[in-house]
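Note sheet for the following structure.
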2 protein chains.
Amino acid sequence: MGLTKSAQFTDAQNELSALAKAIGHPARIAIIEYLLSVDTCICGDIVEVLPLAQATVSQHLKELKNAGLIKGNIEGTAICYCIDEKGFERTKSFFDYVMVSLQNKRNECC
Amino acid sequence: MGLTKSAQFTDAQNELSALAKAIGHPARIAIIEYLLSVDTCICGDIVEVLPLAQATVSQHLKELKNAGLIKGNIEGTAICYCIDEKGFERTKSFFDYVMVSLQNKRNECC
DNA sequence: TTATTATATCGCAATATTACGATAAATATA
DNA sequence: TATATTTATCGTAATATTGCGATATAATAA
């Protein structure tokens, strides 16, 4: 089997899990952190910083872009990537919701 | 190959990506949402709510527990699971950091 | 036009995840 | 003790992800 039953879950559940999944790799965390540390960036910069081959980095960038966490502009022969705030805001609002729910509950269960 | 090069990344990067990875499945989002919506819960409750077999749900619960996102108490023949605030706080602080970094930057790149 | 440079995609091999039925383990009940 | 009930684990099959070398693609430079 091994096929996630996406159709059985809500759109919100699928969208949020897709965002979290995209963040769920150390190389992609490193890319996000790097993008936050520089004003602008091209793919080549990141390849030099990461301990991975160019093809692999390109793949990780694609996944972050598909998830809506980064966006890119063509800039001559290079591509300038940067953080896409909207994706992060959606993910952050989930954690805010979780935190608020927890405080409204004061769970004595465990 | 297919073996994530964890050793090449920092502990913080690996820990955070592990948390995000655990959240990165719609069934596990659904479990978290369910735990937030009830005061207490046992595995049987969740199995009825989710469109998955009991063995699969148990596996997802185990992953959430390993990631430190939920915790469980033995309660007779049942197990009471609930949210582990610490794991969520660590993940949330990452998004807070990302958001603060973005605001301090006003990225004109893309 | 012909390099050169930068990024993306293809194809492959290896590991990981997902899902489930069957079964084990542990506690409660008759 | 025997039987149900509940959750965990095992074994297996299928799909997904990771990583890289090789190659394609696109734009600049000579």
Side-chain angles (χ1 to χ4, degrees), chain A residues 1-9 13-14 17-31 34-35 40-67 70-82 110, chain B residues 1-9 13-14 17-31 34-35 40-67 70-82 110:
Chain A
M1 321 237 153
L3 209 170
T4 299
K5 293 181 153 185
S6 312
Q8 313 269 21
F9 297 98
Q13 286 165 345
N14 283 311
S17 65
L19 281 169
K21 196 176 182 182
I23 300 174
H25 191 285
R28 296 196 285 267
I29 299 267
I31 289 172
Y34 182 75
L35 286 176
T40 180
C41 102
I42 51 175
C43 174
D45 293 356
I46 307 180
V47 171
E48 283 168 33
V49 169
L50 292 184
L52 299 170
Q54 182 266 326
T56 309
V57 173
S58 182
Q59 221 170 250
H60 283 305
L61 287 167
K62 190 182 176 187
E63 279 173 66
L64 285 171
K65 197 177 174 185
N66 284 343
I70 67 174
K71 50 188 173 177
N73 264 8
I74 296 173
E75 193 124 329
T77 170
I79 288 199
C80 158
Y81 282 110
C82 64
C110 300
Chain B
M1 315 230 154
L3 208 170
T4 299
K5 293 182 153 186
S6 312
Q8 311 269 20
F9 298 98
Q13 287 165 344
N14 283 311
S17 64
L19 282 170
K21 196 176 183 182
I23 300 172
H25 192 285
R28 296 196 286 267
I29 299 267
I31 290 171
Y34 182 76
L35 286 176
T40 178
C41 104
I42 52 174
C43 174
D45 294 352
I46 308 181
V47 170
E48 283 166 34
V49 169
L50 292 185
L52 299 170
Q54 181 266 326
T56 308
V57 173
S58 183
Q59 222 171 248
H60 283 305
L61 287 167
K62 191 182 175 186
E63 279 173 66
L64 286 170
K65 197 176 174 186
N66 284 343
I70 67 175
K71 50 189 174 176
N73 264 7
I74 296 173
E75 193 124 328
T77 172
I79 287 200
C80 158
Y81 280 111
C82 63
C110 297

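Labels below follow one simple rule: chain letters A, B, ... track the order of the sequence lines, proteins then strands, and each chain is numbered from 1.
- The two atoms that bring Q8(B) and P51(A) nearest to each other are CB-CG, 3.4 Å, heavy atoms only.
- H25(B) has a side-chain polar atom (N or O) that falls below the 4.0 Å cut-off from OP1 or OP2 of dA19(C).
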Worksheet entry | Test log, rule side-chain contact (heavy atoms from CB on, under 4.5 Å), inputs Y81(A) and L64(A) | CA-CA 10 Å; Y81(A) 282 110; L64(A) 285 171; over 6 Å; no
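- Taking CD of Q54(B) as the start and CD of E48(B) as the end, the distance is 11.5 Å to the nearest 0.5 Å.
- Across all strands, Q59(B) comes closer than 4.0 Å to base atoms (heavy-atom distances).
- Of all heavy-atom pairs between C80(B) and E75(B), the closest is CB-OE1, 4.0 Å.
- In this structure, CD of E75(B) is placed 13 Å from C1' of dT27(C), rounded to the nearest angstrom.
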Sequence neighbours excluded and cut-off under 3.5 Å, please list the side-chain donor-acceptor pairs for residues 21-29 of chain A, or say none.
| residue | atom | partner | partner atom | Å |
| --- | --- | --- | --- | --- |
| H25(A) | ND1 | A27(A) | N | 3.0 |
| R28(A) | NE | A22(A) | O | 2.6 |
| R28(A) | NH1 | H60(A) | ND1 | 2.9 |
| R28(A) | NH1 | E63(A) | OE1 | 3.0 |
| R28(A) | NH2 | K21(A) | O | 3.4 |

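- With rounding to whole Å, I31(B) atom CD1 is found 10 Å from dA19(C) atom P.
- One end of the helix from dT1(C)-dA30(D) to dA30(C)-dT1(D) points its axis 10° away from the other end's axis, with each axis taken from 5 pairs and the angle rounded to 10°.
- One interatomic measurement links the two molecules: CZ of F9(A) to C1' of dA19(C), which rounds to 11 Å at whole-angstrom precision.
- When the C1' atom of dT18(C) is taken as reference, atom CG of N66(B) falls 16 Å away, rounded to whole Å.
- When all heavy atoms are compared, the tightest approach of L35(B) to C41(B) is CD2-SG, 3.1 Å.
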Pairs under 3.5 Å (N/O, protein and nucleotides 14-16 of chain C):
| residue | atom | partner | partner atom | Å |
| --- | --- | --- | --- | --- |
| dA14(C) | O4' | M1(B) | O | 3.1 |
| dA14(C) | N9 | M1(B) | O | 3.4 |
| dA14(C) | N3 | M1(B) | O | 2.6 |
| dT15(C) | O4' | M1(B) | O | 3.4 |

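- Applying the side-chain contact (heavy atoms from CB on, under 4.5 Å) rule to A30(A) yields the partners L50(A), F9(B), Q13(B); only residues at least two apart in sequence or on another chain are considered.
- With rounding to whole Å, K62(B) atom NZ is found 13 Å from dT18(C) atom P.
- Looking at which nucleotide of DNA chain D each of I74(A) and G24(A) is closest to, the 5′-most match is held by G24(A).
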Write out a two-atom table: protein N or O, nucleotide N or O from nucleotides 4-8 of chain D, distance below 3.5 Å.
| residue | atom | partner | partner atom | Å |
| --- | --- | --- | --- | --- |
| dT6(D) | O4' | T77(B) | OG1 | 3.2 |
| dT7(D) | OP1 | C43(B) | N | 3.2 |
| dT7(D) | OP1 | G44(B) | N | 3.3 |
| dT7(D) | OP2 | G44(B) | N | 2.9 |
| dA8(D) | OP1 | Y81(B) | OH | 2.6 |
| dA8(D) | OP2 | S58(B) | OG | 3.0 |
| dA8(D) | N7 | Q54(B) | NE2 | 2.9 |
| dA8(D) | N6 | Q54(B) | OE1 | 3.0 |

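- Taking CD1 from I31(A) and CD1 from I70(A), the interatomic distance works out to 6.5 Å, rounded to the nearest 0.5 Å.
- Rounding to the nearest 0.5 Å gives a distance of 12.0 Å between CG of L52(A) and OG of S58(A).
- With sequence neighbours excluded, no residue forms a side-chain contact (heavy atoms from CB on, under 4.5 Å) with T77(B).
- Between H60(A) and dT17(D) there is no side-chain polar atom (N or O) within less than 4.0 angstrom of OP1 or OP2.
- dT18(D) atom P lies 12 Å from atom CD1 of I29(A), rounded to whole Å.
- When rounded to the nearest whole Å, the span between CG of N73(A) and C1' of dA27(D) equals 16 Å.
- Distance from the side chain of L52(A) is smallest to dC20(D) among dC20(C), dT18(D), dC20(D).
- Taken to the nearest 0.5 Å, the CG atom of N14(A) stands 11.5 Å off from the CG atom of L19(A).
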